[in-house]
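First comes the structure, then the notes that go with it.
All ligand and atom numbering here is 1-based and tracks the order in the structure.
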Amino acid sequence: MLFSVTDVPLGRLILFGAASAFALFTTLLAQDLDLLVKAGHVIDPKNGVNGVMDVGIAGGKIARVATDIPINTAKRIVTAKGLYVVPGLIDMHVHVFYGTDPDAAYSNGPNAVLPDGFTFRSGVTTVVDTGSPGWRNFPQFKRQVIDASRTRVLALLNIVGHGMCGDPYEQDLADMDAKLTASRVKENPGVLVGVKVAHYSGPEWDPVDRAVEAGKIAQVPVMIDFGGHEPPLSLESLLLEHLRPGDIFTHMYAAVRGRIPITDEEGRVRPYVRKARERGIIFDVGHGGGSFFWAQAVPAMKEGFLPDTISTDLHRTSMNAGMKDMLNVISKLLNLGMAMDQAIAASTWRPAQCIRRLDLGHLSPGSPADVAVLRLREGELGFIDASGKYLPGRLKLECELTIRDGAVVWDLNGIAADQWQQN
Ligand SMILES: [Zn+2]
């Protein structure tokens with residue numbers, strides 16, 4: 001016998017307490033999700049998910065991804081039927097060191113843009129600024145942009161100490177210091193995720209080699225914006241000798257002065273370019289204002305030479321020309337034959353791996369709840385390349401909803417909002 005007669009009131013109390021606790025528990029369970037994104041087509045390449053699923057979010061983290069998560073377990077429901085639900089996009093090449101110095105170009109100058117105005121509306125939750133600041137002005141960039149943005153801003157540090165503030169700074173070999181660059185990177189682990197080389201026009205390999213040296217010291221990858229050298233430097237030597245596996249070659253579909261393009265005159269991908277991919281060089285789109293040409297992208301993609309990572313090279317002029325935004329760049333590649341799951345991988349998990357931020361770019365339970373809900377438009381659409389030439393296409397992605405650390409930061413049609421009603 002569990003209770004004696006005299007124990008009954010206490011027993012009742014215990015039972016009552018247990019029942020209350022159970023009721024409280026079920027109430028908590030009923031509300032354990034802050035947000036439930038219901039019935040969307042989830043693509044989460046890291047976890048091999050590609051199908052209709054629900055995504056539950058709690059406390060700013062992904063709580064679970066499953067079919068048929070009950071709606072009474074969430075405080076707010078978003079119906080994503082007919083839409084794609086993907087990890088928040090990672091744009092691995094942007095210039096967001098906007099500032100007020102009219103002579104400073106991309107490094108506290110007017111050629112850069114502030115991230116929040118351009119990211120969430122195209123599903124991007126993380127950007128990697130590629131070399132706008134150098135070791136000298138990174139603290140200013142951190143205060144001015146990283147700490148002041150809702151977008152997660154990471155960066156590759158320019159090998160030039162003054163960063164990308166135009167010539168003559170960017171031609172000054174004396175300001176390209178591997179040790180000082182590496183030590184600044186090491187002071188900011190996970191935020192400074194690599195080293196960048198760009199815009200040097202001399203015949204020397206020093207900028208590339210010093211960036212790689214900094215990358216070795218800090219154990220991070222290097223991204224190369226190659227070209228403009230007089231005389232041109234060997235692309236083969238860059239890809240097969242100077243760079244290490246894991247280093248990134250951006251502007252892969254460019255055809256610019258002072259740089260050998262990746263396809264030859266017959267439109268065939270050069271054998272040493274394929275060899276470079278085999279040895280682990282990462283090929284990044286970096287569309288920009290002058291670095292994506294149909295004349296390169298169409299034949300290369302026909303030969304199956306797809307990008308490892310998709311990025312915009314966002315700055316003041318690229319966003320108003322053929323590039324536009326991250327989803328427009330992804331859409332171009334879809335129209336050229338890249339599969340949706342490949343394109344999402346190249347803009348989520350793949351860049352996260354390249355910059356060694358393995359906590360990002362996927363929907364694993366416990367990871368930051370960065371999510372993009374995308375609509376695929378179909379119709380008679382068009383796209384422009386860096387030469388200003390138009391190519392028709394039938395597919396274009398648009399962003400309906402963006403969630404950053406569990407908070408709705410973009411909602412095009414109010415799918416996560418309560419409906420207004422007149423009293
Ligand atoms: Zn750039």
Side-chain angles (χ1 to χ4, degrees), residues 89-99 104-115 118-119 122 124 126-134 137-138 141 145 151 153-160 162-167 169-171 176 192-201 207-208 211 221-229 238 243 247-259 261-262 282-293 296-297 307-326 328-329 347 351 354-355 385-386:
L89 304 180
I90 301 173
D91 187 347
M92 205 166 74
H93 187 153
V94 302
H95 295 282
V96 291
F97 193 178
Y98 175 77
Y106 299 90
S107 197
N108 192 37
N111 290 4
V113 296
L114 283 170
F118 304 90
T119 49
S122 57
V124 174
T126 300
V127 293
V128 182
D129 184 282
T130 49
S132 306
N137 53 2
F138 175 73
F141 176 68
V145 177
T151 308
V153 179
L154 312 175
L156 307 176
L157 203 59
N158 204 308
I159 190 62
V160 179
H162 283 96
M164 209 175 270
C165 53
D167 291 348
Y169 296 99
E170 293 184 75
Q171 305 305 322
M176 301 183 196
L192 284 176
V193 292
V195 178
K196 175 83 187 292
V197 176
H199 301 170
Y200 184 70
S201 60
V208 171
V222 166
M223 178 187 272
I224 307 288
D225 167 357
F226 205 51
H229 296 278
L238 174 77
L243 297 184
D247 288 337
I248 304 151
F249 180 76
T250 191
H251 304 317
M252 65 182 290
Y253 298 129
V256 295
R257 185 182 57 84
R259 189 185 119 179
I262 63 165
I282 306 298
F283 287 84
D284 175 58
V285 172
H287 187 302
S291 300
F292 183 97
F293 288 80
Q296 287 296 309
D308 292 301
T309 55
I310 300 172
S311 67
T312 60
D313 190 9
L314 170 72
H315 53 71
R316 181 172 67 169
T317 48
S318 66
M319 49 150 297
N320 285 321
M323 188 283 283
K324 296 181 175 63
D325 61 24
M326 184 68 168
N328 191 61
V329 178
S347 48
C354 291
I355 57 170
D385 77 349

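Exactly one residue among D91, T130, D284 makes a side chain to side chain donor-acceptor pair (under 3.5 Å) with S311. That residue is D284.
Remark: aromatic rings of H93 and H251 are close, center separation under 6.0 Å. Taking the six-membered ring for Trp and the full ring otherwise, the centers of H229 and F226 sit less than 6.0 Å from each other. Side-chain rings of Y253 and F293 stay apart, their centers remaining 6.0 Å or farther from each other.
With hydrogens and angles ignored, the 3.5 Å screen pairs a side-chain donor or acceptor of N328 with a backbone N or O of M323.
Looking at D313 and H95, their side chains do bring a donor and an acceptor atom within 3.5 Å of each other.
Tally of protein N, O or S atoms closer to the Zn ion (ligand 1) than 2.8 Å: 3.
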